[in-house]
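Throughout, protein chains are lettered first and strands after them, A, B, ... in sequence-line order, and every chain is numbered starting at 1.
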Amino acid sequence: MEQTQTPAVKAGKQTRGNRPPRQSFFYYLAKQWPFHVMVLPALVFLILFAYLPMGGLVMAFQDFKPWLGLTGSEWVGLDQFRYLFEREDSLQVIWNTLVIAVFKMVLNLLAPFGFAILLNEIRKQLLKRFVQTLVYLPHFLSWVILGGILTDLLSTEGGLVNRILTGVFGMEPIFFLGNGDWFRFTVIVSDVWKEFGFGTVVFLAALAGVNPALYEAAEVDGANRWKQTLHITIPAMLPIAIVVGTLALGNVLNAGFDQIFNLYNPLVYAKGDIIDTFVYRAAILNGEMGFGTAIGLFKSVISFVLVVMSYRMAYKLANYRIF
Amino acid sequence: MIVKKRGFAHTLCMLLIVSMLAACSNSGGGNEPANPGASTNGGTAGTTEENPYKDKYDPPVAISTVWGVDPALTFRDGESIENSVATRWALETLGIEVKSLWSVTDTNNAFVTKVRLAMSSGQQMPDIITVNDQLLAQDLIDSGRFQDAGALFDQYANEKWKAAMSLDPNVWNAYTKDGVRMGIPVLDYAYNNDYLLWIRQDWMDALGLDAPETIADLEEMMEAFRNNNPQGLSPEQVTPLSVGFKSSMNTWMGDPSWVFGAYGTIPSQWNEAEDGSLMYGSVHEGMKEGLLKLKEWRDKGYIPKEAALWDENKTSEPAVAGTAGIIPGPYWMSGWPLLDTEKNVEGAVWKPYPIPTGEDGTAMRHGTHFFKGVTLINKDMAHPEAFFTYQNYLFDNLADPQEGSPFEYGVFEGYDYALDANGNPLYLDDVPGGTITAPLRYFLVRDGARIPDVQFQALMNLADGKEPTTYREKELVSSYGPETALAATVVMEQEEISKKEMFVGPPTSTMKSRMDYLKKIEAQTFNEIIFGEKPAEAFDQFVATWKSSGGDDITSEVNEWYNTIK
């Protein structure tokens with residue numbers, strides 16, 4: 001203890017003038033220890049439930065048998081990954097996942113962005129709040145329930161949507177959930193409908209922080225509503241949009257298990273089967289934990305690379321950093 | 001100084017919270033350390049006897065077990081699965097002390113997960129464990145911690161139990177490893193899953209139609225239901241035959257497997273081929289005709305346009321709503337879900353009819369195994385014979401209780417029944433303190449003891465017009481649907497067409513890596529053919545792909561297994 005403290009004391013003595021001294025770690029520890037203790041529970045939690053379980057990743061390289069455990073199971077190297085890529089449909093499944101996830105990501109960024117701008121223009125606070133709550137509500141519904149509702153709404157036999165399409169527009173009924181392309185469309189649109197209210201709230205929060213003086217100044221300069229939006233509102237929202245976008249990129253291989261699982265059927269396997277539903281059938285239902293872990297690891301690695309890349313890009317392009 | 005004091009206050013708060021958390025986790029974990037070693041107590045009981053098997057043990061011997069408790073299971077105040085009327089009964093009547101290593105409320109597969117965790121962390125395994133999950137059962141057997149249960153069964157099981165077990169000698173197959181019967185199958189009632197057709201009798205009467213004997217008759221009937229509906233429904237509103245394909249072509253309600261049966265195969269299961277080997281039903285050539293028939297029916301509006309999106313429960317919706325004419329399913333559907341049809345359409349009557357045959361008289365339906373789950377016996381169990389004392393008693397007295405049996409009126413007095421002053425039994429709301437619906441679940445082996453054909457024998461008796469006298473007969477009359485007995489006779493009439501899944505062994509190595517893909521292309525191809533997105537030739541291509549993508553390997557592995565148990 002003596003030894004470790006001395007450099008800190010020395011360091012404190014060496015600094016002069018008003019400049020805050022650069023102290024050693026232990027100096028701060030001695031001064032701020034109550035705060036560190038406060039962080040401790042969260043840290044313990046994180047280690048217990050986020051870092052320790054990572055040890056289970058070795059399962060991805062094993063033929064895991066529960067009674068043999070992590071230490072006793074046979075090592076199979078990259079066999080689990082080979083299974084994944086040997087399957088005739090794995091490329092298709094990955095492609096389906098990417099298409100659905102990317103569309104969802106982009107639209108889930110653009111829709112709330114636009115909607116927040118429009119909502120921000122509403123003068124009546126009561127109406128604004130009302131609409132905001134209304135579009136936020138579907139976020140709380142589970143896909144199990146929505147799956148049932150959508151199946152009925154989109155049915156070709158007396159579903160509301162198809163009745164309107166045939167009755168009002170004179171179109172042929174569309175088999176939304178039974179045709180691959182329409183299935184993707186339905187999945188993406190329904191997800192955006194469910195989630196854009198949540199994104200809107202985030203963007204509205206960003207807009208609430210904009211200094212009203214900026215708008216006043218713009219008005220004095222003769223800027224109309226559109227110019228104000230273009231030069232004040234949108235730039236003010238960009239940083240938060242980049243944050244949201246960056247965070248979303250980590251989900252590029254998550255196309256939404258609960259949604260697809262509740263809506264898909266054998267007719268749309270070709271265009272609607274995604275990595276997660278595939279894992280559910282091939283790994284979870286069959287008790288193949290090694291295989292499931294391998295795919296999980298594969299997804300995490302891809303997501304990690306993408307997050308790092310997008311984070312770099314966000315820094316370069318918008319000069320924005322989260323950390 | 002003030003800052004410092006605030007800091008202390010914060011810290012104290014946090015420390016308090018932390019210590020509370022720690023305390024919580026301590027008390028949570030505290031229940032468990034007491035358990036290990038529980039079963040070793042049993043080892044002290046006398047081992048010098050010539051025949052260790054007794055009808056009652058004195059001093060008592062212990063059997064340790066673990067429990068997955070059905071969340072719907074109720075208990076009397078102060079009781080739990082570890083300490084219930086059934087554990088007291090076992091101790092008093094048989095001198096057997098049931099010790100619990102642990103129990104868990106079995107939601108989201110918690111029991112299976114907990115057993116797997118216990119296995120992987122090397123915890124003590126119970127003396128007796130009953131599992132339903134086929135994969136877990138295989139894992140437990142493979143773990144090598146359980147013993148040859150078949151030998152013990154031969155030695156200690158009583159006549160009644162052996163007779164019940166021999167109703168279908170194949171019940172052992174699922175748990176036989178290298179010729180050794182590693183677990184005792186938990187017997188269940190037969191025919192629970194066997195199909196028949198439920199048809200709207202009132203529609204048939206109004207149209208003057210007879211029971212459909214062939215697929216052609218059935219088509220005529222569907223045509224009449226659709227275009228000449230006695231209930232005044234327009235053709236678009238009627239679902240003449242309510243079936244769905246979402247889960248599988250072979251499931252527990254509303255599936256079309258029997259349609260393929262008319263062409264000589266049952267899909268998605270292993271059937272015995274003519275040469276005695278096992279063959280996967282979905283690649284049988286009869287499938288093609290069946291698929292085309294279903295396509296024709298869909299085009300004609302006989303089956304739901306969106307059948308690919310319909311799961312089991314969805315198929316029952318139009319049936320209950322009164323807009324469906326026919327729904328395939330098991331005999332018990334008269335109770336649930338069809339009982340509610342009357343509430344929606346006055347005068348709606350569902351009657352059971354046999355599965356129609358193809359032109360050449362062929363018919364098949366998927367069958368029901370006589371077992372559900374397995375009981376495993378630990379290698380280190382001190383008194384395995386005690387388990388047989390327990391089960392023998394239940395098979396003698398509970399499985400088919402006659403007059404004078406201790407279970408004559410129900411399982412436990414004061415739980416599922418009560419006696420009034422005159423000794424007459426009271427049920428349901430008349431039981432003081434409310435009824436406990438399933439004290440059967442308190443027993444060491446789920447549901448105590450069941451003899452596969454008892455339920456159906458009782459139903460046949462009732463169908464013959466016998467007044468209900470035994471507890472079981474009364475229960476069938478009071479809590480099943482009005483046509484259940486009649487349905488049972490229909491099921492029995494066609495017993496020879498019932499085809500059970502013949503492969504019940506552990507998943508083979510090629511199955512593990514390939515079966516999901518094969519199932520996927522199977523479901524995809526079949527649905528696409530029925531929905532007209534692919535021509536009938538797609539079936540031949542599917543068969544070729546199936547065989548070359550691992551199907552042939554799986555078939556030979558399955559037959560290898562089949563040869564070991566034949």
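In plain terms, the two heavy atoms of B:Ala308 and A:Pro266 that are nearest each other are O-CD, 4.0 Å.
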inquiry  = Walk me through whether B:Gln524 and A:Val268 qualify under side-chain contact (heavy atoms from CB on, under 4.5 Å).
reply    = CA-CA 8 Å; B:Gln524 201 177 332; A:Val268 295; over 6 Å; no
inquiry  = Checking B:Lys512 against A:Asp63 for the salt bridge (charged side-chain N to carboxylate O under 4.0 Å, His left out) test, could you report, in this order, the C-alpha distance in whole Å, the side-chain angles of both residues, the deciding distance, and whether it holds?
reply    = CA-CA 12 Å; B:Lys512 281 184 181 171; A:Asp63 180 19; 5.9 Å; no
message = Please evaluate residues A:Asp152 and B:Lys314 with respect to the criterion side-chain contact (heavy atoms from CB on, under 4.5 Å), reporting the C-alpha separation (whole Å), side-chain torsions for both, the decisive distance (0.1 Å), and the verdict.
response = CA-CA 11 Å; A:Asp152 280 348; B:Lys314 182 79 185 170; 3.1 Å; yes
ask   = Does the side-chain contact (heavy atoms from CB on, under 4.5 Å) test come out yes or no for B:Asn527 and A:Asn265, once each step is laid out?
value = CA-CA 9 Å; B:Asn527 279 283; A:Asn265 59 75; over 6 Å; no
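When B:Leu140, B:Leu135, B:Asp139 are compared by the number of non-hydrogen pairs under 4.5 Å with chain A, B:Asp139 comes out ahead. Annotation: maximal heavy-atom pairing with chain A below 4.5 Å, among B:Glu528, B:Glu522, B:Arg514, occurs at B:Arg514. Counting heavy-atom pairs closer than 4.5 Å to chain B, the top residue among A:Ser155, A:Gly178, A:Gly148 is A:Ser155. Among the candidates A:Phe278, A:Tyr83, A:Phe291, the residue making the largest number of heavy-atom pairs closer than 4.5 Å to chain B is A:Tyr83.
Within 6.0 Å of CD in A:Glu157 there are more than 12 heavy atoms belonging to other residues, nucleotides or ligands. Taking a 6.0 Å sphere around CZ of A:Phe81, one finds it holds more than 12 heavy atoms contributed by other residues, nucleotides or ligands. No more than 12 heavy atoms of other residues, nucleotides or ligands lie within 6.0 Å of CH2 in A:Trp95, so this atom counts as exposed by the packing criterion.
Note: B:Ile530 CD1 to A:Leu267 CG = 9.0 Å, rounded to the nearest 0.5 Å. To the nearest 0.5 Å, the span separating CD on A:Glu86 from OG on B:Ser549 amounts to 11.5 Å.
In this structure, no portion of B:Gln237 lies under 4.5 Å from any heavy atom of chain A. If you measure heavy-atom distances from B:Lys519 to chain A, you find no contacts under 4.5 Å at all. In this structure, chain B has a heavy atom under 4.5 Å from the backbone of A:Leu154, while its side chain stays farther away. Within the 4.5 angstrom heavy-atom criterion, only side-chain atoms of A:Asp273, from C-beta onward, approach chain B. With a 4.5 Å cut-off on non-hydrogen atoms, B:Phe245 touches chain A through its backbone but not through its side chain. Only the side chain of A:Phe175 comes within less than 4.5 Å of a heavy atom of chain B; its backbone N, CA, C and O stay farther away. Residue B:Phe531 touches chain A through its side chain alone, counting heavy-atom pairs closer than 4.5 Å. Heavy atoms of B:Asp311 lying under 4.5 Å from chain A are absent altogether.
For the pair B:Lys520 and A:Glu88, the salt-bridge criterion is not met [side-chain N within less than 4.0 Å of a carboxylate O].
A 4.5 Å side-chain heavy-atom check between B:Met119 and A:Lys65 finds every atom pair outside the cut-off. For the pair A:Thr156 and B:Glu306, the minimum side-chain heavy-atom distance is below 4.5 Å.
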